[in-house]
Amino acid sequence: MINWLRRNGFWGGVTLMGYVIFAILIFLPIYSIIRESFFDARSGDFGLGNYVTFFTTPYYFRTLFNSAVVSLGGTIGAVILGVPLAFFTTRYRIRGSAVLSTLATLALLTPPFLGAYAWIVMLGRNGFVRQMFLNIGIELPTIFGPLGIIIVFTLQFYPFVYLLTAGGLKTVDRSLEEAAENLGARPFRKFMKVTMPLVLPSITSGALLAFMLALSNFGTPMIIGGGFRVLPTMAYAMYTSEVATRPAMASTISIIMVFVAAMAIFLQRYAANRRKYTSMLLNRPVVLRLKGVKNYVAHLVSYLIVALSTLPMVVVVVFAFRNTSGPVFIPGFGLDSFRRVILGVPQAITNSLVYSLTALVLIVGVGTLLGFVLSRRRTKANLVLDALLMSPYIIPGTVLGIGFIVTFNRAPFFLYGTAAIMILAYFIRRLPYSVRSAISILQQIDPALEEAGISLGAPPARAFVKVALPLMIPGIISGAVLSWVTAINELSTSILLYVGGTITMPIRIFLSVMDGHFGPGSAMATILLAATGLALLILNVFGDSKRNIV
Amino acid sequence: MAKRILIDGVRKTFPGVVALDNVDIEVKEGEFFTLLGPSGCGKTTLLRTIAGFYQQDAGHIHVGDAIIDKVPAHQRDIGMVFQNYAVFPHMTVAENVAFGLKNRKVPNAEIGPRVAKALATVQLTGYEERTPDKLSGGQQQRVGLARAMVIEPRLLLLDEPLSNLDAKLRIQMREDILDIQRQLGITAVYVTHDQEEALVISDRIAVMNFGKLQQIGTPWEIYRDPVNQFVATFVGNMNVLSAAETFAAAGASEELRRLMPAGVPEEQITVAYRPEDAHIVLSGETTPRDAVSFAGRIDKTLFLGSSVVYRMHLRGDVSTTVNEYVSEKAHLRPEQSDAVAIVPRDKLLFFHKEDGRRLKAEG
Ligand SMILES: Nc1ncnc2c1ncn2[C@@H]1O[C@H](COP(=O)(O)OP(=O)(O)O)[C@@H](O)[C@H]1O
Ligand SMILES: [Mg+2]
């Protein structure tokens with residue numbers, strides 16, 4: 001071991017660290033869950049019994065079907081909103097399209113459960129929009145149930161489709177479309193036969209991303225699902241009901257979830273590889289100025305889409321300033337709710353900040369080192385590690401949470417209820433993204449630069465620090481900000497891992513909403529939104545502006 | 001501090017490719033030595049192996065009297081100039097040039113003057129505080145050059161340093177590089193796939209193909225006395241005709257038969273000559289007796305300004321090219337005229353058709 005390190009030096013040590021992280025924080029939890037899924041909860045018998053139970057009991061297997069329905073529904077909705085918005089804003093002159101894009105990005109960065117919560121405020125049983133309509137004699141349906149989940153997913157995930165498709169549309173060389181026109185294609189045919197096939201890979205990427213996120217989303221179906229259960233909420237419910245026994249069904253459902261997610265990822269890879277066009281962008285696409293009715297329609301559609309997805313944020317902020325008396329809102333505005341959350345549960349805020357910032361340091365430090373090794377030293381060990389480290393992509397937060405408890409709630413770890421387990425959860429969930437982002441940053445830095453440094457007498461470590469690192473910094477800042485946003489908004493894993501003393505803002509919001517305390521919930525959510533908005537601002541000022549956030 | 005380099009039986013393989021196949025080269029002190037060959041023949045691999053970015057599978061590299069196989073790249077004290085400049089974009093021109101000096105812990109008081117001198121050598125005085133994005137490609141490459149030579153390395157490696165520049169600048173820069181190398185007396189190994197560049201700039205050239213050395217020699221030897229058909233056709237232009245066809249149909253004169261190498265069947269022989277070594281006479285005009293002639297017809301007369309290129313087809317659809325300097329309009333040969341290409345005896349080369357090796361002419 002010592003010899004191996006001496007032979008492979010610093011970077012060999014980084015590879016080793018990558019394997020240790022994988023073994024402890026990914027492999028062990030997943031292995032524990034797989035193991036548990038083969039034991040009967042009560043009798044402890046070993047076998048496939050749990051899986052048989054899952055697939056033969058409607059109570060269980062319906063959740064698989066339910067998950068498929070809301071995830072697909074949300075994905076289709078995201079495509080229906082995202083593609084036209086992308087097309088309008090990249091091909092036609094839309095006033096304020098920069099603002100639209102910023103708002104869409106903000107919507108993407110806010111956690112889905114906030115959106116779900118805002119929709120309850122509007123369309124819950126006593127939601128204000130519903131009340132308004134009741135006053136004029138119209139009874140709107142409530143947001144609860146599958147349709148509500150689909151609506152929230154749609155508004156939450158369409159920005160992914162929008163940003164990726166817009167990126168694709170911007171790189172379709174104008175001359176290709178001109179060639180089609182020149183060959184006599186009418187505008188619609190030109191779009192369907194030339195433009196569309198060229199951006200299809202971007203659309204599918206966005207759609208599959210939306211699907212993955214919808215599939216593993218816990219907060220939204222938990223908050224507005226009503227009796228409608230999907231895989232993550234069922235796994236959570238099973239876990240809480242199995243605390244006294246072995247977590248058999250929770251583990252079984254977890255494994256099934258991972259399996260479905262893996263299939264989705266596999267599909268995405270397949271689709272992305274099968275149709276990949278490299279474009280030499282010589283002529284940028286033209287941006288047309290529309291006239292008359294068409295112009296109005298394009299503007300109206302674009303504004304409407306973005307407004308709908310911004311609405312929940314506005315509602316949350318407005319309600320944070322409304323006066324409350326216990327769980328009910330009373331007329332007038334003030335800082336009452338803020339006072340209550342800041343004085344009442346300051347711990348949630350400090351915990352959130354401490355955990356997310358600690359995790360951030362780890363994510364950026366470890367992610368950058370690993371990204372560097374994986375992209376610049378293509379040894380077999382590193383190629384394998386590269387693939388292994390991507391596995392959190394397919395592990396939904398709920399599954400990771402269950403895995404963490406099963407693994408670390410016993411010797412030699414005993415981490416349950418500590419701050420460490422929360423930080424480690426944030427860390428490992430975001431690590432693959434941070435590694436990927438470091439790799440993509442490095443791909444834009446010519447390796448010859450470091451070699452030039454080395455040939456000028458700098459040892460490899462110095463060449464990295466003096467040459468590669470300064471060039472990576474804008475990209476690293478962008479990655480770090482995004483990591484921080486996901487960490488501070490994390491709910492699905494931490495909800496399983498927290499105890500009273502390690503509560504965080506998202507958990508606090510979630511609990512307030514479940515208790516019907518909308519005032520403090522809104523105030524806390526507003527603080528979270530402000531943090532997210534601030535992050536976006538930092539991103540725009542210091543980050544690498546050319547780097548996409550999806 | 002120039003040093004002799006000895007590359008001794010160096011072999012390097014990548015999965016599925018032998019990039020360097022037992023390469024032996026000796027580069028003399030202060031010599032400008034060029035590796036020339038088509039893309040993918042292993043030039044970069046050899047250069048990077050010398051620089052220490054690749055470890056050879058077999059063989060040794062000597063610099064001066066020392067074997068440097070085990071020395072890590074950053075301690076080899078070998079300057080390198082890169083094809084895509086690799087100028088550090090986050091440093092000014094002066095910082096780029098000072099980088100290697102700082103690594104060597106050169107005292108600060110000494111760094112300033114040395115940077116200034118290096119920049120003066122590459123004619124970039126006054127550009128010290130500029131950042132690379134404000135420099136043209138040619139200027140960036142000058143920074144690369146200054147940066148590599150300011151450390152006074154034992155050896156300077158240049159990997160196609162001019163290939164990203166436009167044609168005019170390339171011609172100017174190659175002479176500048178040569179001047180600087182002469183001035184510093186540094187040993188240089190230069191890589192290019194451009195045969196004209198290699199001929200102009202080098203003391204000696206090593207021609208490579210498929211990881212194997214083909215020939216090492218002065219530019220004159222490489223051009224005038226190629227050891228095989230690959231070198232002959234890669235460097236400069238060359239008409240290559242099959243001997244058998246030449247006799248059957250191409251209207252070759254009897255003189256050619258007298259020159260044919262002995263001991264190899266006629267079907268195994270290729271006849272070659274350079275377009276500029278031939279000249280054209282119209283049929284009916286007198287031809288010199290001791291030259292070889294090929295009779296045919298002029299298809300195209302291409303006027304290049306300084307010279308004229310004739311594309312001819314010989315009898316039986318064999319084509320050939322002649323390049324002549326023509327200063328009188330009356331000497332232009334019109335298209336579609338019957339003509340004879342005349343080649344002096346000593347300008348004809350013979351190669352073995354299968355392995356391409358050079359065959360000795362008779363007589
Ligand atoms: N790092 C590498 N990995 C695998 N194959 C390589 C690598 N570098 C070069 N090769 C292969 O080795 C051969 C020689 O390449 P190179 O030295 O770059 O040629 P040149 O510089 O003459 O164009 C080529 O077939 C190339 O594909
Ligand atoms: Mg090369």
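We use all heavy atoms of the structure for the numbers below, so side chains are in, but hydrogens, waters and symmetry mates are not. Chain letters run A, B, ... following the sequence lines, proteins first, then strands; residues in each count from 1. Since the structure is predicted, the reported quantities are computational estimates derived from the model, not experimental observations.
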Step through the shown structure and confirm whether more than 12 heavy atoms of other residues, nucleotides or ligands are within 6.0 Å of CG on Asp133(B).
-> yes
Relative to chain A, which segment of Arg147(B) carries a heavy atom at a distance below 4.5 Å: side chain, backbone, both, or neither?
-> both
Inspect the surroundings of NZ in Lys12(B) and state if more than 12 heavy atoms from other residues, nucleotides or ligands are less than 6.0 Å away.
-> yes
Side-chain (His74(B)) to main-chain (Gly453(A)) donor-acceptor, under 3.5 angstrom = no
Where on Ile78(B) is there a heavy atom nearer than 4.5 Å to chain A: the side chain, the backbone, both, or neither?
-> backbone
State, yes or no, whether a side-chain contact exists between Leu449(A) and Phe82(B) at a heavy-atom distance under 4.5 Å.
-> no
Is Arg104(B) reaching over with its side chain to a backbone N or O of Leu456(A), donor-acceptor style, under 3.5 angstrom?
-> yes
Pick from Ala86(B), Gly144(B), Ala51(B), Gly79(B) with the largest number of heavy-atom pairs that fall under 4.5 Å of chain A = Ala86(B)
Between Lys102(B) and Arg462(A) the two heavy atoms that sit nearest each other are CB-NH2, 4.1 Å
Considering only heavy atoms from C-beta outward, does the side chain of Ile454(A) approach that of Pro72(B) to under 4.5 Å?
-> no
Given that the side chain runs from C-beta out, which part of Ala73(B) has a heavy atom under 4.5 Å from chain A: side chain, backbone, both or neither?
-> both
Name the option with the most non-hydrogen atom pairs under 4.5 Å to chain A; the candidates are Gln83(B), Met80(B), His90(B).
-> His90(B)
Could you tell me which of Ala463(A), Ala448(A), Pro460(A) has the largest number of non-hydrogen atom pairs under 4.5 Å with chain B?
-> Ala448(A)
Exceeds 12 heavy-atom contacts within 6.0 angstrom, atom NE2 of His62(B) | yes
Check the surroundings of atom CZ in Phe53(B): do more than 12 heavy atoms from other residues, nucleotides or ligands lie under 6.0 Å from it?
-> yes
Decide yes or no for Glu451(A) and Arg48(B): does some side-chain heavy atom of the first lie under 4.5 Å from some side-chain heavy atom of the second?
-> yes
Side chain, backbone, both or neither: which part of Leu471(A) has a heavy atom under 4.5 Å from chain B?
-> side chain
Part of Val87(B) lying under 4.5 Å from any heavy atom of chain A | backbone
